[in-house]
Amino acid sequence: MRKISLPRAVGASAAAVLLSLTALTGCGQSSSATASSGYTGPIGPINLKQVCPAKIVVQTDWNPEAEHGFTYEMLGPDPKIDAAAKRIVGPLFAHGQYTGVDLEIRAGGPAIGFQSVTSQMYQDTSIMFGYTDTDHSVQTAATTPTTGVFAPLRINPQMIMWDPATYPNVHTIADLKAAKATVLYYQGTPFMDYFLGAGILDKAQVDGSYDGTPANFVAAQGKKAQQGFASAEPYLYQQKIAQWRKPVAYQLINDAGYPIYASELAIRSGDLDKDAACLKQLVPVMQQADVDYFADPAKVNALIVEAAAKYDTGWVYDSGEADYATTTMRKLGIVGNENGAAGGFDPARVQHIIDITRPVYAAEKVSVPAKLTPDQIATNRFIDTKIGFPS
């Protein structure tokens, strides 16, 4: 089974992660909690009350972090952090005004026992949106199908990094093959299966023992490469990990031929038509929130850092990392317009992901529907083409 979230635990010891799991109650189970924001202010020009659930529930794929910033951007005044349940609830705002409904943002990763978001969505139908990746949606299309309706990140921030001092002639992931460098990765990661099948890396050089901690990479003293996130690890390894304290070089897996949409917001495919009226009004609110967050992330980043600390799952996330993440995502084009609009999908790109992952999943004996189409995996049906990031 593919495990999505554990690699985000870099910086926390494996013991801390395990201890955090034992401290959680009801891990991976749906909750009967119905906490609301209690907000009763006037509803603005965008009124979701008649077409959407009273509370929009979003299941994220990890602890609070800047990659989720747009979701927190939609929270209105005085959101309530529930440290025990690892969730935050507040009024859902658009353009600074109340929309008539609440927003609940749930943490993933350790908060749900490292289960996949998709499995959570099908266990607990109160969840309207789940964060998932294009390749995972292909993988589960036959069993627990989801359809992406909004892609806050145009490019996946996952990467493979290496020590530039040890490997001065390595500039791409493919160069690691010629250098015969060992590449640490998280076992079951589809992009690695693709890299091996495509000949980008050799099976003899990859090591699936990566557990999300820096110990193995640091102990190798620069001789091993490792998977990670461009929005996190370069900052952590240079600024926070005392045993390293120097730069790393990297290439995005997107740029090495695996261009999935990561952490897209998806719904259960069977709910698409039922929720269409809500999605038509809500998705543009998400688009604008994404643009607004990256224009001025400071307030939301402070809330994210506060929530991460209160959840106390072993995940350490400070304002420096949040600031680095937003700056880096802008700099690298990880956020931006797709086909001229914020949050959209390129159908040709989705088809490419279907094509390149089909043999990967076939080798794992995972059945992918023979007639799977891009619009089943991701749709632009609710995207407002007038809302986008400035040039």
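Keep in mind it's a predicted model, so treat the numbers as computed, not measured. Side-chain atoms are counted along with the backbone in the values below, which use heavy atoms only and exclude waters and symmetry mates.
- One N or O on the side chain of Asp211 and one on the backbone of Thr213 form a donor-acceptor pair closer than 3.5 Å.
- Ser263 OG to Asp61 CG: the interatomic distance, rounded to the nearest 0.5 Å, is 3.5 Å.
- If you look at Trp62 and Tyr131, their ring centroids are not closer than 6.0 Å.
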Run the salt bridge (charged side-chain N to carboxylate O under 4.0 Å, His left out) check on Asp273 and Arg381 step by step: do they pass? CA-CA 11 Å; Asp273 290 334; Arg381 178 177 171 183; 3.0 Å; yes
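- Remark: of the listed residues Ile253, Ile260, Asn254, Leu332, Asn254 is the sole one forming a side chain to side chain contact (heavy atoms under 4.5 Å, CB included) with Ile155.
- The CE atom of Met74 lies 11.0 Å from the OH atom of Tyr72; values are rounded to the nearest 0.5 Å.
- No hydrogens or angles considered: nothing links the side chains of Thr182 and Asp207 as a donor-acceptor pair under 3.5 Å.
- Checked against ring-ring contact (aromatic ring centres under 6.0 Å, His included), Tyr194 has the following partners two or more places apart in sequence or in another chain: Tyr258.
- Taking hydrophobic clusters as Ile, Leu, Val, Met, Phe, Trp and Tyr residues chained together by side-chain heavy-atom distances below 4.5 Å, Val283 shares a cluster with Phe389.
- In the model, Asp292 has a side-chain atom that pairs as donor or acceptor with a side-chain atom of Gln288 under 3.5 Å.
- Atom NZ of Lys299 sits about 9.0 Å away from atom CG of Leu303, to the nearest 0.5 Å.
- Residues that satisfy the side chain to side chain contact (heavy atoms under 4.5 Å, CB included) test with Pro247, not counting sequence neighbours, are Gln238.
- Contact check for Met128 versus Leu279: side-chain heavy atoms found under the 4.5 Å cut-off.
- Among all heavy-atom pairs drawn from Pro390 and Val291, the shortest one is CD-CG1, 4.4 Å.
- Glu338 has its side chain out of reach of Phe345: every pair of non-hydrogen atoms, C-beta onward, lies at least 4.5 Å apart.
- Counting heavy atoms from C-beta outward, Met159 and Gln227 have side chains that stay 4.5 Å or more apart.
- In the hydrophobic clustering of this structure, Leu265 does not group with Val51; members are Ile, Leu, Val, Met, Phe, Trp, Tyr whose side-chain heavy atoms approach within less than 4.5 Å, directly or through other members.
- Residues Asp202 and Leu196 have side chains not in contact (no heavy-atom distance under 4.5 Å, counting atoms from C-beta outward).
- Remark: Arg349 is positioned above the aromatic ring of Tyr261, its terminal NZ or CZ atom under 6.0 angstrom from the ring centre and at most 45 degrees off the axis.
- When side chains are defined from C-beta on, Val183 counts as touching Met192, because their heavy atoms get closer than 4.5 Å.
- One hydrophobic cluster, built from ILVMFWY side chains closer than 4.5 Å, cannot hold both Ile127 and Val89; they sit in different ones.
- The distance between the ring centers of Phe217 and Tyr237 falls below 6.0 angstrom.
- Close placement of the Phe70 and Phe150 rings is indicated, their centers lying within 6.0 Å of each other.
- Thr134 and Glu264 share a donor-acceptor pair across their side chains, judged by distance under 3.5 Å alone.
- Checked against the 6.0 Å centroid threshold, Phe93 and Tyr39 count as a close aromatic pair.
- In this structure, CH2 in Trp162 is found 11.5 Å from OH in Tyr167, a value given to the nearest 0.5 Å.
- Two residues are said to be in side-chain contact when any heavy atoms from C-beta on lie closer than 4.5 Å; Ser231 and Met329 meet this criterion.
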Side chain to side chain donor-acceptor pair (under 3.5 Å) between Thr146 and Thr132, worked out: CA-CA 9 Å; Thr146 57; Thr132 189; 4.9 Å; no
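- Enclosure of atom NZ in Lys49 is not indicated, since only 12 or fewer non-hydrogen atoms of other residues, nucleotides or ligands lie within 6.0 angstrom.
- A search for side chain to side chain contact (heavy atoms under 4.5 Å, CB included) contacts involving Gln351 returns Ile354, Asp355, Pro374, not counting sequence neighbours.
- Using a 4.5 Å heavy-atom cutoff, the side chains of Leu75 and Ile105 are in contact.
- The two residues Val368 and Arg358 make their nearest non-hydrogen contact at O-NH1, 3.3 Å.
- Side chain of Asp175 to main chain of His171: a donor-acceptor pair is present (N/O by atom type, distance under 3.5 Å, no hydrogens or angles).
- Screening Asp82, Asp124, Thr60 for a side-chain hydrogen bond (donor to acceptor under 3.5 Å, both in side chains) with Arg106, the sole residue that qualifies is Asp124.
- Here the side chains of Tyr98 and Pro42 are not in contact, with every heavy-atom distance at 4.5 Å or above.
- The line from CG of Leu176 to OG1 of Thr172 is 7.0 Å long, rounded to the nearest 0.5 Å.
- Of the inter-residue distances, the one linking Glu65 atom CD with Glu321 atom CD reads 8.0 Å to the nearest 0.5 angstrom.
- In terms of heavy atoms, Asn156 sits closest to Ala262 at OD1-CB, 3.4 Å.
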